[in-house]
Amino acid sequence: MASAFNLLTAGGAKFDKQRFKGDFELFTAKRKDRKGKSKQLDPSAQSSSALPHSLDFFGDHPAQPQAQAARPQPTAEHDDASDSGSESDASSSSSSSSTSRPAPPPQKITLTGPEPLPTSLHTNLPSLLTHSSHPISSRAGTPLLSALKAANIHSLWGVQCAVGGSLLAGHDTICVAPTGSGKTLSYVLPTLVQLEDPARSLRSKDGEVEERGKGARALIVVPTHDLAVQISGVVKAVTRGRNWRTLVLTKATEKAICESSPGGGVAPKAANGENEDESEEEDEEEDDESTGSVNEFAQNESVDTNALGIDILIATPERLHHLVESRRLSLALTRHIIMDESDRLLSPDFLPQVEPIINACSHSEVQKCFLSATMPAGAEELAKKWLRDGGVRVVVGVKDSAVTTIDQTLLYTGSESGKLMALRNLITTGSLPYPSLIFVQSIERADELYKTLVLDGVKVDVVHGGRAKSKRDEAIEAFRLGNVWMLVVTEVLARGMDFRGVKVVVNYDFPQTVQSYIHRIGRTGRAGRPGKAITFINLEDGPYLRTVANVMRSSGCAVPEYMLDMKKPTKNEKRQLAKAPVKRKAVGGGGRDLVKEEGRKRRQMVEGSKRRTVNQEGKGQAKQGEVDMNE
DNA sequence: TCGCTTT
């Protein structure tokens, strides 16, 4: 009833059980009330400890000396070129380094969940393959191991052990783990293990299509196209050389996907001709997705598409919802659904599409997994209603916190023109080494800042939702290859994107939520690497400053006291802000009167809570000064 | 409010 469980490390190839004896007992927790809606942990029954953050599972890559130390420091000199980055690097055409990947720092992993519970934590992949309750064929495991090795993935990180163990034990899982901690592989690997074989080999093996070979066998839902493409690259990297069919849902792939659906293509939507005719309209929707093998497949084997299933479908909500609603794609046989960036997907913006998608996965044994680096209570509540038995909850580190390897600073820029001056100053003083990302609040501002920087001679490109997908793909690829040094981006790239070795993230415009702040700065400082985040602040940002200041402090960065003392906006003030949201002026425009009429309430808040910024402001809009962060 | 997500 009240169930307790222990997760024990299983002992990887190089794992010293004695040394980590104290760490074996990861967690013991009790659920007081399994029926109650708000299941609570008994704090007194809870204990948790550090899990080694990465374990060598081939036995041929000795762990880095610092890897198992209590408090490993990132390598002091961070050499980009020789770094073989995290998982998505495997998909990047540019990387083929043989050096060992860096790994995230060891962090407390907290697991809670219902019975039946995992009895051991699989700390290495062979163990994961053989100890799973799922019947794993050696046929499935061996090629995966080879592919991982080829992709230079030699160890499993903490979140991958924990989520992998949970999923392979058959549990629905909700995971909160920091940016850059390896969440993508944490669900990709166990999903591949559970699927065992590509749909195509299922077919050839039995001479006819099995039920499980139709439709999408596993579904990954993400909030942006760019993230879908990236994840597709990761999957392709670890399935290389096999017949796995991984597709990103786009206009170009839609047809093939619908045909593989049971009962698919029967909808009275003579959409084909339409689609092709429209595809040249505007500058949108080129047919050549960066998931190139898609078209290759469609061309070479179009004869078979009708009979074949998709192994892993990666989709954004809107198009998927559309297909499901129009009954052109059935998810009735889908057995695995993963909601990446799930707090975003469960937000009011996406929920109307996402909810029907989840409900369309009607198979009685569909396994669900929700992951994010941030998980507001409201999002978790929503997720819970879909988790069988409440699910297993995996929390790596401290929930909703920023990565500690990121050096976070605030820079008071005073005004709109002050922002541009500050940015130029960072560039000319070499404080903005490439690659770096610059976040702004709107498409328009992104374009303007981009044009300004082009005129300044910066190797820069711009990515936002207003650009054609092909242009977005190109800009991102150029950035990955190092041909573009700086990207000006909107919120579209705030989550999930894994660019190797991003040195600095600049919040040119202040993020609108604390979740946005955590995700944006999480584009740097990944996998234990050092990173730097610089956030520009103006008076108008006052109301949002406090929560960010709290995140900064809790992740080890000093912030001026007065920021923490700032009072929360009252309900009334929030209402005022909602009524008259900050209208940012054009980038590079005068900006002198930006603050003036922007609302006295906000100014009063800052003035009332203390000076410093106010003093700066008094000296004129061109004045900029660093807000004393290091003390 | 804007950002992102179909046709």
Side-chain angles (χ1 to χ4, degrees), chain A residues 219-229 231 248-255 257-258 267-282 284-285 313-329 339-358 360 372 439-448 462-469 472 488-497 507-513 515-517 519-520 540-541 543-544 569 574-585 598-599 602:
Chain A
L219 172 65
I220 301 169
V221 183
V222 293
T224 64
H225 162 83
D226 312 273
L227 184 52
V229 171
I231 292 168
V248 174
L249 176 57
T250 64
K251 182 178 282 186
T253 62
E254 196 176 275
K255 188 163 172 277
I257 289 168
C258 290
K269 270 242 158 154
N272 294 344
E274 264 175 47
N275 283 352
E276 277 150 29
D277 289 345
E278 283 170 1
S279 64
E280 296 305 318
E281 188 183 349
E282 311 210 44
E284 260 305 316
E285 298 298 352
L313 177 63
I314 309 167
T316 47
E318 190 75 37
R319 190 180 292 268
L320 179 59
H321 176 237
H322 191 250
L323 286 192
V324 169
E325 288 290 287
S326 62
R327 297 170 157 269
R328 285 186 288 157
L329 175 65
M339 310 294 295
D340 204 350
E341 309 296 347
S342 56
D343 57 330
R344 182 78 184 96
L345 293 174
L346 296 172
S347 74
D349 287 340
F350 282 112
L351 194 60
Q353 289 84 47
V354 164
E355 186 163 18
I357 289 168
I358 298 177
S372 183
F439 281 95
V440 296
Q441 189 54 44
S442 71
I443 290 170
E444 191 184 6
R445 286 173 60 77
D447 281 332
E448 284 184 65
V462 60
V463 174
H464 55 62
R467 294 197 82 189
K469 301 279 196 295
R472 278 159 66 169
V488 177
V489 302
T490 62
E491 204 64 17
V492 70
L493 290 198
R495 286 174 175 258
M497 298 307 295
N507 284 316
Y508 193 89
D509 290 339
F510 202 81
Q512 298 215 326
T513 65
Q515 289 82 15
S516 167
Y517 177 78
H519 285 275
R520 281 182 180 187
E540 67 210 42
D541 303 316
Y544 305 97
K574 275 187 181 169
R575 206 173 304 138
Q576 294 296 329
L577 286 168
K579 271 186 195 168
V582 173
K583 172 79 177 161
R584 297 188 185 279
K585 293 200 67 175
E598 209 44 79
R602 270 167 248 146

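Numbers restart at 1 for each chain; the letters A, B, ... are given by sequence-line order, proteins then strands. Not measured: the values here are computed from a predicted model.
By the side-chain contact (heavy atoms from CB on, under 4.5 Å) test, A:S442 pairs with A:E444, A:R445, sequence neighbours left out. Considering only residues two or more places apart in sequence or on other chains, A:V324 meets the side-chain contact (heavy atoms from CB on, under 4.5 Å) condition with A:L320, A:L331, A:A360.
For the pair A:D541 CG and B:dT1 P, the computed distance is 19 Å after rounding to whole Å. Between A:Q515 atom CD and B:dC4 atom C1' the separation is 16 Å, expressed in whole Å. Nucleotide B:dT7 holds its P atom 7 Å from the CD atom of A:E254, rounded to whole Å. For the pair A:H464 NE2 and B:dT5 P, the computed distance is 12 Å after rounding to whole Å. Nucleotide B:dT1 holds its P atom 18 Å from the CG atom of A:D509, rounded to whole Å. Counting to the nearest Å, the P atom of B:dG3 and the CD atom of A:E491 are 10 Å from each other. Taking atom NZ of A:K251 as the reference point, atom C1' of B:dT7 lies 8 Å away to the nearest angstrom. At whole-Å resolution of the value, CG in A:L323 and C1' in B:dT5 are 13 Å apart.
In terms of phosphate contacts, A:K469 brings a side-chain nitrogen or oxygen within less than 4.0 Å of OP1 or OP2 of B:dT6. Put simply, A:S326 has no side-chain N or O that comes within less than 4.0 Å of OP1 or OP2 on B:dT7. Distances shorter than 4.0 Å separate none of the side-chain N or O atoms of A:S442 from OP1 or OP2 on B:dC2.
Among the atoms of the strands shown, none is found under 4.0 Å from any heavy atom of A:H321. Backbone-only contact: A:R472 has heavy atoms under 4.0 Å from sugar-phosphate atoms and none from a base. When heavy atoms are screened at a 4.0 angstrom cut-off, A:I443 is found touching the sugar-phosphate backbone but no base atom.
Across B:dC4, B:dT7, B:dC2, the shortest atom-to-atom separation from the side chain of A:Q441 is found for B:dC2. Of the candidates B:dT6, B:dG3, B:dT5, the closest approach to any side-chain atom of A:H225 belongs to B:dT5. Of the candidates B:dT5, B:dG3, B:dT7, the closest approach to any side-chain atom of A:T224 belongs to B:dT5.
Residue A:L227 is tested with A:I220, A:V222, A:V492 for a side chain to side chain contact (heavy atoms under 4.5 Å, CB included); the sole match is A:V222. When each of A:D226, A:D340, A:D343 is tested with A:R495 by the rule side chain to side chain donor-acceptor pair (under 3.5 Å), just one qualifies, namely A:D343.
Shortest non-hydrogen contact noted between A:P223 and A:R344 is CB-CG, 4.0 Å.
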